[in-house]
Structure formats: C-alpha cells, structure tokens
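Here is the structure we will look at, set down as structure tokens.
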Amino acid sequence: MGKLEGKIVILTGAASGLGKFEAIRMAEEGANLTICDIQAEKLEITKQLCEERGAQVIAYPCDVRSYDSLKNMVEKTVEKFGTVDVLVNNVHCTTLKPFIDMDIETFKNELEISAFSAWHLMQLCFPYMKNKPGAGASIVNFGSRWGQESPKMSATYSAVKEVVRSLTRTVAREWGEYNIRVNCICPGGFTDNAKNDMDKQLPEMQAYAMEAFKDNVFHRAGDPYEDVAPILVFLASDDSHWMSGQTVNADGGGWITA
C-alpha cells in the first residue's frame, strides 16, 4: 500500500520538469491526480505514465494565469473524485538576466504564473480541504534556494519565489485550525526543463547555473524522481501531519543554516 493510497491530488506544471516526475512518483504511491499544464501534448504523456502506474488521472491543459481555468479545474476534480486532499503548486517560469535589463511585465508574468496561481488554487481548494479527519489535508508550494540567496540575474525569479514562501507561512498559521498543513519545498534537481532553458541563457549564466546544480554536500545534481519527488510524497502523506509552515530544502545540503 502506497503512502498516498486514496489521496486526491491537484498538481500544476506537470507536463515536464519536476512536475512530471512528481506526478509519476505520486501515482506510484497510490494517488489519483488532476494534473495541468499549458503544454497539452506533453501533459498527455505524463497522464499516460501515471495511468500505467495505476492512477486515475484528469489531464487539464490550461494557462494557470486564468482564474476561470483554475476554478474549472478544481470543479472537475471534485466532480470526478469528490474532494481534494493534496494541492501541489509546482508551476513556475524562469527569466534570468541582469536586473537593469528586466522589464516590469516580465515580473508581472512570473508573479501570475507562480504566486497568483498558488494564491487562487489555495482559496479554491479550501472548501474541499478544510476539517478533514485524521492527518487532514496538505498543501505543498515550491520556493527556491535562489529565493533565499538572491544570486545575480535572478531578480524576478528570486522575488517571486520568496512571495510564495511568505504566503506559505501565513496560510499555514491561518489554516492550521482547519486541519490543513502548508509547507514549501525548495528543490535542487536537474530536469529536462532546466537543460532546455539553459541553452537559451547567456554563456556566463549557463556556467553559473551548472555549478549551482552541483553546489551541495554530495557534489552532484539532484535527480527529480529519485531525490526530490520522495520529499514531496512525504509532505503530501499523513507522515508529515505535524509539520506546517516549514521550508524544506530538498537540495542535497546546498542550503544549510543554523
């Protein structure tokens, strides 16, 4: 019996990257899922991979910047599965260049994709997650070590990820009374998205990023399926029932503080 047996999960950004492997791992642990992404064809592949592992899956192509689309996704999930037990706000986008060259529209776009979608989905899922018995419901948001470090050329990405981390802490304080726990993962994993995005970056940014992926106590890049996804499974499972408002740095010890 898997750690997520019978859990109903909504997971954003599941067509590729970390989200794809998170969905597969959660399916293997017994979850049924609603997965969304703007990349419809790739999302369908993730759906098939999850179904091969025994999960029932709704693949919902959408732009997470659309509130109506998010609302419809939650409604379809409840219509099919009856409830929502776990919400994983994984989706994000990344723009890396010097701050002087950044424009405010880029910042707004990243806020809408990462922070606003998490905001909307938490509120939309709340009626179905509140006051569940036992270990209750779980929300897992995604921050970043870069949000905590604020390296060069990450002005929008770092700022947005810190918005998500701060929101996580506030909602955890407010929703504990409803038996909902809210935590944040700052992952360290080298994905297909990271590779593809890196090819578009300035040469100095590519060199910096590749070193950053290996900048941990194990001196290797993390694997999204083997290294990061199991930590998500833990936070989604009943085993994490006594954790809320926490940032978990799933990065091989890249970020260590007292």
Side-chain angles (χ1 to χ4, degrees), residues 11-20 36-43 60-73 87-124 140-171 184-213 215 221 224 247 249 251 254-255:
L11 190 155
T12 63
S16 58
L18 282 171
K20 175 181 179 179
C36 78
D37 204 288
I38 202 168
Q39 304 173 87
E41 292 183 5
K42 289 184 176 182
L43 187 67
Y60 186 81
C62 76
D63 185 338
V64 297
R65 293 171 295 187
S66 166
Y67 175 82
D68 289 341
S69 291
L70 297 177
K71 184 173 183 290
N72 190 48
M73 176 175 66
L87 170 62
V88 183
N89 288 307
N90 166 81
V91 69
H92 71 278
C93 69
T94 310
T95 304
L96 302 175
K97 57 184 178 181
F99 173 66
I100 195 66
D101 298 326
M102 288 281 190
D103 59 80
I104 197 66
E105 293 306 316
T106 299
F107 190 23
K108 289 179 181 177
N109 185 59
E110 291 195 34
L111 278 168
E112 288 181 345
I113 290 173
S114 296
F116 291 5
S117 69
W119 176 297
H120 290 320
L121 280 172
M122 286 193 289
Q123 290 185 338
L124 288 166
V140 184
N141 297 323
F142 273 73
S144 174
R145 171 184 169 185
W146 280 15
Q148 297 171 82
E149 290 184 338
S150 303
K152 293 179 179 179
M153 293 189 275
S154 72
T156 56
Y157 179 74
S158 295
V160 169
K161 287 302 186 179
E162 285 299 274
V163 170
V164 172
R165 280 211 315 137
S166 179
L167 185 61
T168 296
R169 296 191 295 269
T170 299
V171 179
C184 186
I185 293 178
C186 292
F190 189 70
T191 67
D192 51 348
N193 284 346
K195 182 181 184 302
N196 294 335
D197 287 345
M198 200 171 298
D199 292 340
K200 305 171 189 174
Q201 306 300 332
L202 297 170
E204 59 266 32
M205 191 66 231
Q206 293 187 38
Y208 176 84
M210 283 308 302
E211 286 304 311
F213 276 111
D215 183 18
T247 293
N249 291 290
D251 63 358
W255 181 257

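- Heavy-atom minimum distance, P151 versus S158: CD-OG, 3.9 Å.
- R169 meets the side-chain hydrogen bond (donor to acceptor under 3.5 Å, both in side chains) test with no other residue; sequence neighbours excluded.
- Scanning all heavy atoms of the two residues, the minimum distance from P224 to L18 falls at CB-CD2, 3.5 Å.
- Listed by chain and number, the residues in a side-chain hydrogen bond (donor to acceptor under 3.5 Å, both in side chains) with S66 are S69 (sequence neighbours excluded).
- With sequence neighbours excluded, no residue forms a side-chain hydrogen bond (donor to acceptor under 3.5 Å, both in side chains) with T170.
- Between the side chain of N90 and the backbone N or O of L11 there is no donor-acceptor pair closer than 3.5 Å.
- Here the CG atom belonging to L87 is positioned 7.5 Å from the OG1 atom belonging to T12, to the nearest 0.5 angstrom.
- Across all non-hydrogen atoms, the minimal contact from F99 to A155 is CD1-CB, 3.7 Å.
- Side-chain atoms of L96 and S154, non-hydrogen and from C-beta on, do get closer than 4.5 Å to each other.
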Could you tabulate the donor-acceptor pairs under 3.5 Å formed by side-chain atoms of residues 115-124, not counting sequence neighbours?
from	atom 1	to	atom 2	distance (Å)
S117	OG	I113	O	2.5
S117	OG	S114	O	3.4
W119	NE1	Q123	OE1	3.4

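- Contact check for R165 versus C186: side-chain heavy atoms found under the 4.5 Å cut-off.
- The shortest distance between side-chain heavy atoms of F142 and V91 does not fall below 4.5 Å.
- For N89, the side-chain hydrogen bond (donor to acceptor under 3.5 Å, both in side chains) partners are N141, not counting sequence neighbours.
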Practice item. Using the side-chain contact (heavy atoms from CB on, under 4.5 Å) rule, take H92 and K161 through it: C-alpha gap first, then chi angles, then the decisive distance, then the call. Key: CA-CA 9 Å; H92 71 278; K161 287 302 186 179; 3.5 Å; yes

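- Heavy-atom minimum distance, F107 versus V160: CE1-CG2, 3.8 Å.
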Review point. Checking side-chain contact (heavy atoms from CB on, under 4.5 Å) for the pair E112/V64: CA distance, chi angles, key distance, verdict?
Key: CA-CA 8 Å; E112 288 181 345; V64 297; over 6 Å; no

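- In this model, no donor atom of one side chain and acceptor atom of the other lie less than 3.5 Å apart for Y60 and D37.
- Between S150 and G147 the shortest heavy-atom distance is OG-O, 3.5 Å.
- Atom-to-atom distance recorded for N249:CG and S144:OG is 9.5 Å, nearest 0.5 angstrom.
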Practice item. Apply side-chain contact (heavy atoms from CB on, under 4.5 Å) to the pair E162 and V164, showing each step before the final yes or no. Key: CA-CA 5 Å; E162 285 299 274; V164 172; over 6 Å; no

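- In terms of heavy atoms, M73 sits closest to C36 at SD-CB, 3.5 Å.
- Between the side chain of D251 and the backbone N or O of W255 there is at least one donor-acceptor pair closer than 3.5 Å.
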Exercise for review: Begin from the C-alpha positions of C184 and V140 and carry the test side-chain contact (heavy atoms from CB on, under 4.5 Å) through to its verdict.
Suggested key: CA-CA 5 Å; C184 186; V140 184; over 6 Å; no

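- Judged by distance alone, with hydrogens and angles left aside, the side-chain atoms of E110 form a donor-acceptor pair with the main-chain N or O of T95 at under 3.5 Å.
- Every salt bridge (Lys or Arg N to Asp or Glu O under 4.0 Å) that R145 has, sequence neighbours left out, goes to E149, D215.
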